[in-house]
Amino acid sequence: MTEQSKIPPRKPLRSQAWFGRQDKMGFYYRSFLKNTGTPQDQFDGRPVIGICNTWSELTPCNVHFRDLAAHVRDGVLEGGGYPLEFPVSSLGEVTMRPTAMLFRNLAAMDVEEAIRAHPLDGVVLLMGCDKTTPALLMGAASANLPTIGVSGGPQLRGVYRGTYIGSGTNIISMSEQLRSGEITVEEFHEAEAGMNRSIGSCMTMGTASSMASMVEALGVGLPENAAVPAADARRNHLARMAGRRIVEMVHEDLVLSKILTREAFENAIRTLAAIGGSTNAVVHLLAIAGRIGVPLSLDDFDRLGRDVHCLVDIMPSGRFLMEDFHYAGGLPAVLRELGSRGLLHADALTVTGCSLWDNVSAAPCYNREVITPFDAPFKAGAGIAILRGNLAPDGAVIKPSAASPELMQHTGRAVVFESVEEMHAGVNDDSLDIDAGSIMVLKNCGPRGYPGMAEVGNMPIPAKLLRQGVRDMVRISDARMSGTAYGTIVLHVAPEAAAGGNLALVRTGDLITLDVEARRLHLHVDDAELEKRRATWVPPDHAAARGYLKLYLDHVLQADRGADLDFLVGCSDAPVGRDNH
Ligand code: FES
């Protein structure tokens with residue numbers, strides 16, 4: 001990257017269809033921006049860079065994004081561009097009901113149309129909390145301008161009474177300790193303050209950190225995008241360098257579709273396995289690929305991830321946190337391990353203008369406890385596994401690195417909950433007929449069922465089993481789970497129960513076999529009996545839905561296709577459009 005691009009434009013800039021005109025419309029377009037203090041020379045043909053901001057006080061993980069945007073702005077100005085910041089829908093994972101995932105596609109529409117409607121030549125995407133990253137990448141992919149992703153960075157380590165605690169992961173373990181009487185409510189409250197003690201996103205390898213890693217592995221973000229903490233000044237350096245670089249990318253016409261290739265997605269899938277990343281990344285990568293026209297399927301995750309070891313000892317699968325990961329060398333050190341084993345498409349182009357391998361081939365590793373060598377991995381063969389069988393004809397996912405080895409091959413008696421409300425009402429009832437070998441089954445939590453595919457697949461262990469010391473059981477659903485969660489949990493069953501999948505037909509007492517090695521998920525009920533049950537199945541009643549919810553229910557795809565809306569799949573670039581007066 002240079003301080004100021006001297007490369008002449010290869011083609012007329014898109015923004016000149018607004019600002020380059022010496023007529024009535026040119027007057028309109030320039031004059032109204034001059035009220036912000038913009039002098040005439042900003043309209044002289046320099047790249048106009050949109051800074052797409054998901055700042056919101058309702059998204060605490062992105063609350064520092066006004067500062068981050070200011071650093072991008074400085075970089076754009078230093079690079080010779082004209083920065084214009086604009087807001088888009090923000091998606092706060094913790095506070096949005098029924099689930100932020102219901103609104104991912106809505107936010108993606110907002111991003112796509114905002115980019116397309118305005119006089120922008122390139123875009124910097126500011127994203128952090130879980131769904132903000134896929135929403136912005138999906139929208140930007142459909143508009144296909146030169147684009148750089150800048151993640152907000154993870155929080156500093158959580159600290160409670162001298163020990164480090166991880167977002168989400170320790171919420172789950174401490175809430176179970178509270179339920180079993182091991183800790184008091186006062187201790188619980190003290191831990192809350194210690195966990196989220198700085199700006200940034202969850203500092204475990206949850207969905208936010210997994211997706212920030214995907215941004216880097218896809219080549220859409222600058223090196224080190226994934227792990228530099230939000231509170232570290234180097235996060236601001238990265239934002240500033242992204243501002244400089246996007247100006248060059250406009251001059252180079254380095255549009256997103258030149259970076260988001262099939263090879264880039266294959267690199268991302270292998271990286272996801274190597275970091276023990278969130279199962280949510282499967283749904284999001286499928287959706288992003290769908291937008292940019294890259295064919296990608298669930299089976300690609302199994303095939304490409306199968307030979308990849310989990311190299312990073314980080315919660316929820318391991319011990320450390322994102323801050324440790326950064327100090328150890330961050331994602332470049334992991335990519336170097338993969339690339340040196342021939343597990344990356346080394347020549348995949350990135351936003352730096354160089355190949356992925358050029359970016360990471362000399363990346364150092366400073367701590368082999370946090371980032372293990374490929375020959376002595378933290379966990380062997382831990383890529384996300386895709387299961388199939390009569391319970392999931394279109395697939396289901398499990399994260400072996402977060403599961404209990406002794407449950408990876410298990411047959412048990414189903415204990416079925418028809419809804420998440422029924423599960424919550426019954427799971428702590430000591431009269432529930434369940435033991436440690438049972439398999440918990442949750443229905444109606446998929447894309448259409450919840451609706452929105454909530455993160456409820458990591459059902460709590462029944463209280464009476466917790467008291468017996470049980471800490472993991474096989475759990476199966478059409479839901480997602482938080483990337484910070486752990487356990488032997490089968491997710492994203494497709495087709496979902498609400499779409500009439502066989503999951504809808506499971507009854508308490510049925511036997512189910514999970515065999516991760518054989519990639520099998522089988523319900524021991526014959527076809528004739530299943531058809532008998534199907535005849536009495538009643539689909540959910542969505543007749544009262546209106547507005548966005550109706551649009552969503554009418555068009556959402558199943559999890560194996562990324563849960564995007566069917567009419568949003570694809571890319572139509574960003575033509576300059578017609579005048580508005
Ligand atoms: Fe925002 Fe975890 S809740 S990243």
Side-chain angles (χ1 to χ4, degrees), residues 53-66 68 88-104 107 125-137 149-158 164-175 191-216 221 225-232 235 272 275-281 283-284 314-317 321-323 325-326 331 399 402 452-458 480-486:
N53 200 341
T54 49
W55 173 90
S56 168
E57 286 186 334
L58 292 168
T59 308
C61 309
N62 296 11
V63 82
H64 57 300
F65 279 18
R66 281 175 164 172
L68 203 60
V88 290
S89 305
S90 191
L91 304 170
E93 190 63 28
V94 171
T95 44
M96 287 189 96
R97 291 184 172 186
T99 164
M101 182 64 175
L102 176 61
F103 306 105
R104 183 201 63 177
L125 307 173
L126 298 186
M127 46 208 185
C129 197
D130 294 15
K131 305 302 175 293
T132 56
T133 301
L136 268 58
L137 285 176
V150 175
S151 300
Q155 299 165 0
L156 300 174
R157 302 179 190 102
Y164 293 129
I165 53 175
S167 348
T169 305
N170 284 107
I171 295 177
I172 296 165
S173 63
M174 294 185 87
S175 63
E192 289 170 13
M195 181 170 288
N196 295 294
R197 68 189 177 96
S198 79
I199 55 170
S201 51
C202 290
M203 81 313 257
T204 46
M205 189 54 82
T207 304
S209 295
S210 298
M211 289 308 296
S213 301
M214 295 300 91
V215 168
E216 190 171 335
N225 175 73
V228 181
D232 190 314
R235 175 61 57 182
L272 185 66
I275 60 175
S278 166
T279 47
N280 285 327
V283 185
H284 299 323
I314 190 165
M315 290 186 197
S317 302
L321 293 164
M322 289 300 287
E323 190 177 344
F325 184 37
H326 171 56
L331 199 71
K399 182 175 170 181
M453 206 181 177
E455 291 187 339
V456 293
N458 49 315
R480 297 176 302 115
M481 75 171 178
S482 164
T484 61
Y486 49 89

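The first residue of the sequence shown is numbered 1, and numbering continues consecutively from there. First listed ligand is number 1; within each ligand, the first listed atom is number 1. All of these numbers come straight from a predicted model, not from anything done at the bench.
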Return the number of protein N, O or S atoms with a distance to atom 1 (Fe) of ligand 1 smaller than 2.8 Å.
-> 2
List for me each residue that meets side chain to side chain donor-acceptor pair (under 3.5 Å) alongside Thr204, sequence neighbours excluded, and say none if there are none.
-> none
Once you round to the nearest 0.5 Å, how far does CG of Asn280 lie from CD of Glu93?
-> 7.5 Å
Leu272 versus Ser213: any side-chain heavy-atom pair under 4.5 Å?
-> no
Atom OH of Tyr164 with >12 non-hydrogen neighbours under 6.0 angstrom = no
Check: Asn458 and Ile172 side chains under 4.5 Å, non-hydrogen atoms = yes
Determine whether Met96 and Leu102 make a side-chain contact, defined as any pair of heavy atoms from C-beta on separated by less than 4.5 Å.
-> no
